[in-house]
There are 2 protein chains.
Amino acid sequence: MKTRDRILVTSLALFNDEGEAHTTTIDIANELDISPGNLYYHFKGKDEIIAELYQQYELAMADTLHAPITAPLGETDGDIEANWYYLYVLFEEMYQYRFLYQNLDDILQRYPDIRRRFKRLVQLKRSALSAICLTLLQQRVLQADEDLLERLVDNLTLTLNYWINYDQLLHTGRDPQVSILQGVLQIMTAISPYLGEDSLNFYEDCREIYQRMMHKEPN
Amino acid sequence: MKTRDRILVTSLALFNDEGEAHTTTIDIANELDISPGNLYYHFKGKDEIIAELYQQYELAMADTLHAPITAPLGETDGDIEANWYYLYVLFEEMYQYRFLYQNLDDILQRYPDIRRRFKRLVQLKRSALSAICLTLLQQRVLQADEDLLERLVDNLTLTLNYWINYDQLLHTGRDPQVSILQGVLQIMTAISPYLGEDSLNFYEDCREIYQRMMHKEPN
DNA sequence: GTCTATACTGTGATAGAC
DNA sequence: GTCTATCACAGTATAGAC
């Protein structure tokens with residue numbers, strides 16, 4: 001593994017675990033057992049490392065997010081399992097770059113370029129969740145309820161974005177896998193009451209998947 | 001106004017507008033036209049200023065949050081207007097100390113004491129929202145749906161905590177008053193589908209209050 | 001209570017040898 | 001590509017005069 005890549009991997013780990021703000025270039029160099037000078041040979045500074053890490057994150061997310069926008073998830077309409085798995089993957093990808101979310105406003109304030117791009121990404125998340133809702137709900141929501149649907153999609157986007165922060169705050173040290181599963185359940189549950197008579201069935205199916213995932217987790 | 005209080009007021013303003021992480025003791029002293037030495041006479045350092053500001057925030061919030069827990073809001077059950085106003089006040093109080101939410105994880109990591117207390121405060125928010133739900137929903141939610149109710153309350157707590165961040169991210173520079181009104185509407189909307197046959201009426205009432213508040217806003 | 005001076009620290013960044 | 005050495009600077013904190 002090249003030094004440049006090792007710097008990226010180690011930086012990401014330190015940012016996630018110790019917080020980006022309090023990880024210095026020296027910390028990174030120490031962790032890698034290289035000199036600060038060497039680090040500066042590969043990257044002009046912390047800014048450049050963060051820019052590169054964000055680039056990685058953006059590529060991965062954008063790729064995933066386009067899936068439900070271009071084609072409905074699952075073979076049959078309302079395929080719960082496919083949507084569950086999809087949300088799980090999204091949460092996982094976000095969790096891998098969780099340092100972004102921990103000091104979000106701080107980072108977005110310092111890097112206006114990342115701010116613009118992050119905003120676009122959130123809008124993309126919103127579109128993806130909107131597409132999922134539209135297939136799940138099908139024609140169920142009346143035309144007049146367009147606005148209601150917008151509120152639901154905002155609700156889901158908000159949950160997707162901040163759930164892990166919220167859950168880890170209330171349950172410090174909880175296994176991240178559990179947090180993520182809870183997050184998926186949380187989103188699915190928020191959709192359920194809009195499903196009319198299928199509402200309870202849908203919710204029960206979700207809980208069942210949740211239970212199943214929770215118990216096979218120690219793999 | 002005593003210097004000590006002026007330091008607190010100015011610090012809060014700077015933290016909110018420029019971000020806590022990048023506001024130094026010197027910035028605060030400059031803004032007040034006093035010397036850094038003078039500032040250090042009143043507070044041992046930035047830590048102590050933050051601790052004091054948090055104390056203020058906690059007192060105000062805890063006081064407000066106990067209201068619906070001890071007695072239902074509104075004179076009649078399901079008094080929408082009273083609950084609307086209540087949520088509005090909560091958002092406003094949080095907005096006044098928004099620097100806390102902008103770098104939340106960073107601050108909570110640096111001050112373990114604040115972490116514990118903030119966590120308790122979120123649980124208090126959760127209790128308040130739970131109490132509101134119970135009066136609004138009354139006996140509507142079946143016993144079997146206890147778990148569903150928990151998911152709803154988590155959803156509302158999450159929205160209350162992060163809505164302003166989310167809204168300001170997607171609509172940079174939007175009038176905070178509008179963000180807050182949207183936040184209240186967002187929470188009320190999330191409750192509405194659980195109201196059974198009153199669902200649509202409730203939602204329409206909320207939209208009406210929202211419209212009214214939006215237009216009298218330029219006061 | 002408030003000021004000016006100053007010292008200490010950690011971090012970011014570069015130059016030049018190997 | 002990697003190292004050592006060193007600089008510059010910002011932010012924190014204190015001492016002592018007024």
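In what follows, every heavy atom counts, from backbone to side chain, and hydrogens, waters and symmetry copies are set aside.
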Requested in this report: Classify the nucleic acid contact of Gly37(B) as base, sugar-phosphate or nothing, counting any heavy atom under 4.0 Å across all strands shown.
Outcome: base
Requested in this report: Would you mind classifying the nucleic acid contact of Ser35(A) as base, sugar-phosphate or nothing, using non-hydrogen atoms under 4.0 angstrom?
Outcome: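 Base, at least one base heavy atom under 4.0 Å.
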Rounded to whole angstrom units, what separation is found between the [atom1] atom of [X] and the [atom2] atom of [N]?
X        : N       : atom1 : atom2 : answer
Lys2(A)  : dT2(D)  : NZ    : C1'   : 14 Å
Glu48(B) : dA13(D) : CD    : C1'   : 13 Å
Leu39(A) : dT14(C) : CG    : P     : 12 Å
Ile50(A) : dG12(C) : CD1   : C1'   : 13 Å
Asp33(A) : dC3(D)  : CG    : P     : 9 Å
Ile26(A) : dA5(D)  : CD1   : P     : 15 Å
His22(B) : dG12(C) : NE2   : P     : 11 Å
Tyr41(A) : dG16(C) : OH    : P     : 17 Å

Query raised in the report: With syn defined as a glycosidic torsion within 90 degrees of 0 and anti otherwise, which applies to dA5(C)?
Result: syn
Requested in this report: Determine whether the side chains of Asp27(A) and Thr24(A) contain a donor N or O and an acceptor N or O closer than 3.5 Å.
Outcome: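 Yes, Thr24(A) and Asp27(A) have a side-chain donor paired with an acceptor closer than 3.5 Å.
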Query raised in the report: Do you see a donor-acceptor pair shorter than 3.5 Å between the side chains of Gln177(B) and Glu92(B)?
Result: yes
Report task. Look at Thr25(A) and dA13(C) and indicate whether a side-chain polar atom (N or O) is within less than 4.0 Å of OP1 or OP2. Result -> no
Query raised in the report: Can a side chain N or O of Asn38(A) be found less than 4.0 Å away from OP1 or OP2 on dC3(D)?
Result: yes
**Report entry** Base partner of dT12(D), which must satisfy Watson-Crick or wobble distances under 3.5 Å
**Finding:** dA7(C)
Query raised in the report: For dA13(C), which nucleotide in any strand shown is its Watson-Crick or wobble partner with both distances under 3.5 Å?
Result: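 Matched dA13(C) with dT6(D) under the 3.5 Å cut-off.
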Query raised in the report: Once the angle between the rings of Tyr166(B) and Tyr162(A) is folded into 0 to 90°, is it parallel (under 30°), tilted (30 to 60°) or perpendicular (over 60°)?
Result: perpendicular
Query - Closest nucleotide among dC3(D), dC3(C), dT2(C) to the Ile34(B) side chain - result: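 Among dC3(D), dC3(C), dT2(C), the one nearest the side chain of Ile34(B) is dC3(C).
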Requested in this report: When you get a sec, tell me which of dG11(D), dT14(D), dG12(C) is the closest nucleotide to the side chain of Tyr40(B)?
Outcome: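 It is dT14(D).
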Query - Ring-face cation contact, Tyr101(B) with Arg98(B), 6.0 Å cut, 45° max - result: no
Query raised in the report: What residues form a ring pair (Phe, Tyr, Trp, His ring centres under 6.0 Å) with Tyr97(B), not counting sequence neighbours?
Result: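 For Tyr97(B) the ring pair (Phe, Tyr, Trp, His ring centres under 6.0 Å) partners, ignoring immediate neighbours, are Tyr57(B).
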